[in-house]
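For ligands, and for the atoms within them, numbers begin at 1 and follow the listed sequence.
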Amino acid sequence: MSKKILVTGGAGFIGSAVVRHIINDTQDSVVNVDKLTYAGNLESLESVEKSSRYAFEQVDICDKEGLERVFLMHKPDAVMHLAAESHVDRSIDGPAAFIETNIVGTYTLLEVARAYWNNLDGDKKANFRFHHISTDEVYGDLEGTDDLFTETTPYAPSSPYSASKASSDHLVRAWLRTYGLPAIVTNCSNNYGPFHFPEKLIPLMILNALEGKKLPVYGNGMQIRDWLFVEDHARALYKVVTEGEIGETYNIGGHNEKANIEVVRTICGLLEELVPNKPAGVVKYEDLITYVTDRPGHDVRYAIDAAKIGRELGWVPQETFESGIRKTVEWYLNNKKWWSRVLDGSYNFERLGTK
Ligand SMILES: NC(=O)c1ccc[n+]([C@@H]2O[C@H](COP(=O)([O-])OP(=O)(O)OC[C@H]3O[C@@H](n4cnc5c(N)ncnc54)[C@H](O)[C@@H]3O)[C@@H](O)[C@H]2O)c1
């Protein structure tokens, strides 16, 4: 039977991939609850916004009454909670919004979902799920080891971002244990792919290179991350919310550990092939790489063991890093309208009515 899924943060990078996946590849409906911060872009949802199975509600997850109205009106069968402040550098410059949205917002959503779920009955109550989407950054750093993060690795977050996400994970598990809220948590590695806001490493490097600007790499560029193509993540999340076990945690990863500098060199190599006509003054895209002072508290290595979700739910990523990064570079080359409206701010100002 088809479900109605309330997705928070559905106008963001991963949330919009989840919404597109549900509308395009399943029979389920979506209610997208998003405040539309700088990171929320409804233009990422143009391909699905006319579907009768899609609805949008501009609501802040810290707004209890707003959320209560949405739950009452749409009566969801499940919640997929992605709304968050998500950029580590921004969390270092201004942690307040991270505490507010990631911790207070998650608490508010949990309370509204709990009251709603308590009033359900029969199958609707038994089948309700609260799926909290989190990050592998809650586990901290694996510098100098061959270890992988598993679902039982102790939490040791380093940045205000990862500490706020760790707090939200603890809240969700407490609501599960104390109140019986049927919750599931997933922790995922770094995502990349289409519709990624150009402040993050991969889109920033692609767009800077196309404009002949410097490619700033933190420290020595040897920070290792596991990379997952965003559409693989969206497929994993849908599998978890529909087939996952209540109370379980699933780690999600791409089995693609790469040093940041390797990622940047791969992008440069693809651009040499796909855009041989370079901006004036650029001989090789790689010549644009510049090393800049490292981020304070920068974690050196993250690596995730995603065996459990493979074993228990049969999910494996469809893309390798090589196929996913090629698709991503090609997407940015073919979707200049989307990213130029992000870069000049018009996606945001027009929506807010200030331009
Ligand atoms: N990007 C990654 O690599 C990654 C990896 C693992 C986990 N995650 C987690 O996945 C989730 C989504 O990440 P993303 O990269 O798509 O983030 P994003 O920054 O691209 O999108 C966040 C979305 O949440 C919305 N939002 C922010 N504050 C809100 C509020 N108070 N109320 C309602 N909506 C609000 C924004 O408008 C935006 O649409 C986050 O919880 C993040 O911690 C991200």
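Counting only heavy atoms of the protein, atom 12 (C) of ligand 1 lies nearest to Leu82 O, 3.4 Å. Among all non-hydrogen protein atoms, the one lying nearest atom 7 (C) of ligand 1 is Ser134 O, 3.1 Å. Of the protein's heavy atoms, Lys165 NZ, 2.6 Å lies nearest to atom 41 (O) of ligand 1. Scanning the protein for heavy atoms near atom 34 (N) of ligand 1, the closest one is Lys35 N, 3.0 Å. With hydrogens left out, the protein atom closest to atom 20 (O) of ligand 1 is Phe13 N, 3.0 Å, a heavy atom. Scanning the protein for heavy atoms near atom 4 (C) of ligand 1, the closest one is Ile14 CD1, 3.5 Å. Atom 21 (O) of ligand 1 has its closest protein heavy atom at Gly12 CA, 3.3 Å.
Here the shortest heavy-atom distance to atom 38 (C) of ligand 1, taken over Asp34, Val230, Thr8, Asp60, belongs to Asp34. Checking Ala84, Ser86, Ser168 against atom 22 (C) of ligand 1, the nearest heavy atom belongs to Ala84.
Between the side chains of His132 and Thr106, no donor N or O sits under 3.5 Å from an acceptor N or O. Neither side chain, Thr26 nor Lys3, offers a donor N or O lying under 3.5 Å from an acceptor on the other. Under the 3.5 Å distance criterion, with hydrogens and angles disregarded, no donor-acceptor pair is assigned to the side chains of Arg295 and Ser159.
Residue Ser189 places a heavy atom under 4.0 Å from ligand 1. Using 4.0 Å as the threshold, Asn41 has no heavy atom nearer than that to any atom of ligand 1. Contact analysis leaves Cys62 out of contact with ligand 1, as no non-hydrogen atom separation drops below 4.0 angstrom.
Remark: the backbone N or O of Phe98 is not paired with any side-chain donor or acceptor of Thr101 at under 3.5 angstrom.
Between Tyr38 and ligand 1, not a single N/O pair is under 3.5 Å apart. Distances between N or O atoms of Asn191 and those of ligand 1 include at least one value under 3.5 Å. Geometrically, ligand 1 and Ala83 share no nitrogen or oxygen pair separated by less than 3.5 Å.
With respect to Pro194, the side-chain contact (heavy atoms from CB on, under 4.5 Å) criterion is satisfied by exactly one of Trp338, Phe229, Tyr332: Phe229.
Contact atoms of ligand 1 toward Leu36: 37 (O) (distance under 4.0 Å to a heavy atom of the residue). Which parts of ligand 1 touch Tyr161 is read off a 4.0 Å heavy-atom cut-off, strictly below it: atoms 42 (C), 43 (O).
For Lys327 and Glu231, the salt-bridge test fails: no basic side-chain N is under 4.0 Å from an acidic carboxylate O. Glu46 and Arg341 are not joined by a salt bridge, as no carboxylate oxygen comes within less than 4.0 angstrom of a charged side-chain nitrogen. Using a 4.0 Å cut-off between a side-chain N of Lys or Arg and a carboxylate O of Asp or Glu, Lys213 and Glu211 qualify as a salt bridge.
Judged by the 6.0 Å and 45° rule, Arg90 forms a cation-pi pair with Tyr38.
Atom CG in Leu237 sits 5.0 Å away from atom NE2 in His131 (nearest 0.5 Å).
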